[in-house]
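Down below is the structure, laid out as structure tokens.
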Amino acid sequence: MSGVVVTNPPKAGAGDVEALAGYGVATVSEAMGRTGLLGPGIRPVQQGVRVAGTAVTVLSWPGDNLMIHAAVEQCGEGDLLVVTTTSPSTDGLFGELFATALQRRGVRGVVTGTGIRDTRELREMGFAAWSRAVSAQGTVKATGGSVNVPIAVEGQVIRPGDVIVADDDGVVVVPRERARQVAEAAEAREKKEAATRAAFLEGQLGLDRYGLREKLRELGVTYQSYDAYRAGERP
């Protein structure tokens, strides 16, 4: 397998990345029309952490982390490493030593469709990580691959410079050209949810706020007392 290391790809603006960092993965995905989620298979190794950064992408051979070493050189402040392999692999391609090198360069975390190890050390050093699996299985450095090319993780295409937002709920990718628009849509959604939260705290029901009583009627859902239901009465 030959490959390529692409240098200096375009990236989303730092201000737009920081704006997106203020919103959760669910809010960002909803703001994009319920798109961009990497799926439930990619899970955090820590809790209570949210990061956003520009993607540096890695395409590696299964069980081989050579191209992660190549990718470290291409990473800088505000980036987030995203790794996948040419076919499924849950080997521990990423661990504490990689995190140490990346943290030194200002990288905010890693998202990998493979396995990860040294999870205790990663938590202790505050390096955020999301992966498909946790595995102590070691790897080799033997086969070429690519850095900063479009890759697919859990059905989502991720290009270098796209924005990755990750938290306890999972991971979402925002195309770099849409970063500002999505940040604005997320802000609007957050304000709408704040108003709804306040209404719920005052006792309003979702049935009324969202106009769902009519929807229930349209679907033929009826109300009955317990005694009537037990007696087998039907409306």
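In what follows, residues are counted from 1 in the order of the sequence shown.
With rounding to the nearest 0.5 Å, the separation of CG in Leu216 from CG in Leu207 is 6.0 Å. Between the CZ atom in Arg123 and the CD atom in Gln47 there is a gap of 9.5 Å [rounded to 0.5 Å]. Here NZ of Lys192 is found 10.0 Å from CD of Glu30. Values are rounded to the nearest 0.5 Å. Note that the CG atom of Leu80 and the CG atom of Leu102 stand 9.5 Å from one another [nearest 0.5 Å]. In this structure, Glu96 CD and Gln103 CD are separated by 10.0 Å, a value rounded to the nearest 0.5 Å. Taken from OG1 in Thr119 to CD in Glu124, the straight-line distance is 9.5 Å, to the nearest 0.5 Å.
Under the 3.5 Å distance criterion, the side-chain polar atoms of Gln46 are matched with a main-chain donor or acceptor of Ala129. With hydrogens and angles ignored, the 3.5 Å screen pairs no side-chain donor or acceptor of Ser131 with any backbone N or O of Gly115. One N or O on the side chain of Ser29 and one on the backbone of Thr35 form a donor-acceptor pair closer than 3.5 Å.
A donor and an acceptor atom, one from each side chain of Asp79 and Thr54, are located under 3.5 Å apart.
Note on Arg108 versus Glu18: salt bridge recorded, some NZ/NE/NH1/NH2 to OD/OE distance being below 4.0 Å. Ion pairing between a basic and an acidic side chain is recognised when a charged N comes within 4.0 Å of a carboxylate O; Glu187 and Lys191 show such pairing.
Annotation: side chain of Val5 is not in contact with side chain of Asn148 (no heavy-atom distance under 4.5 Å). No side-chain heavy atom of Gln156 sits under 4.5 Å from any side-chain heavy atom of Val171. Taking the side chain as every heavy atom from C-beta outward, Leu122 and Ile116 approach each other to under 4.5 Å. No side-chain heavy atom of Phe94 sits less than 4.5 Å from a side-chain heavy atom of Val83. Residues Trp61 and Leu66 have side chains not in contact (no heavy-atom distance under 4.5 Å, counting atoms from C-beta outward). You'll find the side chain of Pro62 reaches within 4.5 Å of the side chain of Thr86, heavy atoms only. Val17 has its side chain out of reach of Lys11: every pair of non-hydrogen atoms, C-beta onward, lies at least 4.5 Å apart. Taking the side chain as every heavy atom from C-beta outward, Pro175 and Met32 approach each other to under 4.5 Å.
Other residues, nucleotides and ligands contribute more than 12 heavy atoms inside 6.0 Å of the CZ atom of Phe200. Counting heavy atoms of neighbouring residues, nucleotides and ligands inside a 6.0 Å radius, atom CD of Glu73 does not exceed 12 of them. Within a 6.0 Å radius of CZ in Arg180, other residues, nucleotides and ligands contribute 12 heavy atoms or fewer.
Taking all atoms of both residues into account, the shortest heavy-atom contact from Ala183 to Tyr23 is O-CE1, 3.9 Å. Between Asp16 and Ala179, the shortest heavy-atom distance links the atoms CB-CB, 3.8 Å.
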**Request:** Give the C-alpha distance, both sets of side-chain angles, the deciding distance and a yes or no for side chain to side chain contact (heavy atoms under 4.5 Å, CB included) between Arg132 and Thr112.
**Result:** CA-CA 7 Å; Arg132 183 192 302 274; Thr112 176; over 6 Å; no
**Request:** Please step through side chain to side chain contact (heavy atoms under 4.5 Å, CB included) for the pair Val173 and Leu38, ending with a clear verdict.
**Result:** CA-CA 8 Å; Val173 55; Leu38 269 60; 4.2 Å; yes
**Item:** Candidate pair Leu59 and Met67, rule side chain to side chain contact (heavy atoms under 4.5 Å, CB included), full reasoning
**Value:** CA-CA 7 Å; Leu59 179 62; Met67 296 315 295; over 6 Å; no
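Screening residues 66-85 for ring pair (Phe, Tyr, Trp, His ring centres under 6.0 Å), with sequence neighbours left out, gives His69-Phe98. For residues 196-213, the salt bridge (Lys or Arg N to Asp or Glu O under 4.0 Å) pairs, not counting sequence neighbours, are Asp208-Arg213.
Across Val147, Val111, Val110, a single residue satisfies side-chain contact (heavy atoms from CB on, under 4.5 Å) together with Leu81, and that is Val110. The only member of Thr139, Asp64, Thr84, Val58 that meets side-chain contact (heavy atoms from CB on, under 4.5 Å) when paired with Leu93 is Thr139.
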Name the atoms and distances for all side-chain donor-acceptor pairs under 3.5 Å in residues 162-170, with sequence neighbours left out.
from	atom 1	to	atom 2	distance (Å)
Asp162	OD1	Arg159	NE	3.4
Asp162	OD1	Arg159	NH2	2.9
Asp162	OD1	Arg176	N	2.9
Asp162	OD2	Arg159	N	2.9
Asp162	OD2	Arg159	NE	3.3
Asp167	OD1	Asp169	N	2.8
Asp167	OD2	Val25	N	2.9
Asp168	OD1	Gly48	N	2.9
Asp168	OD2	Gly48	N	3.0

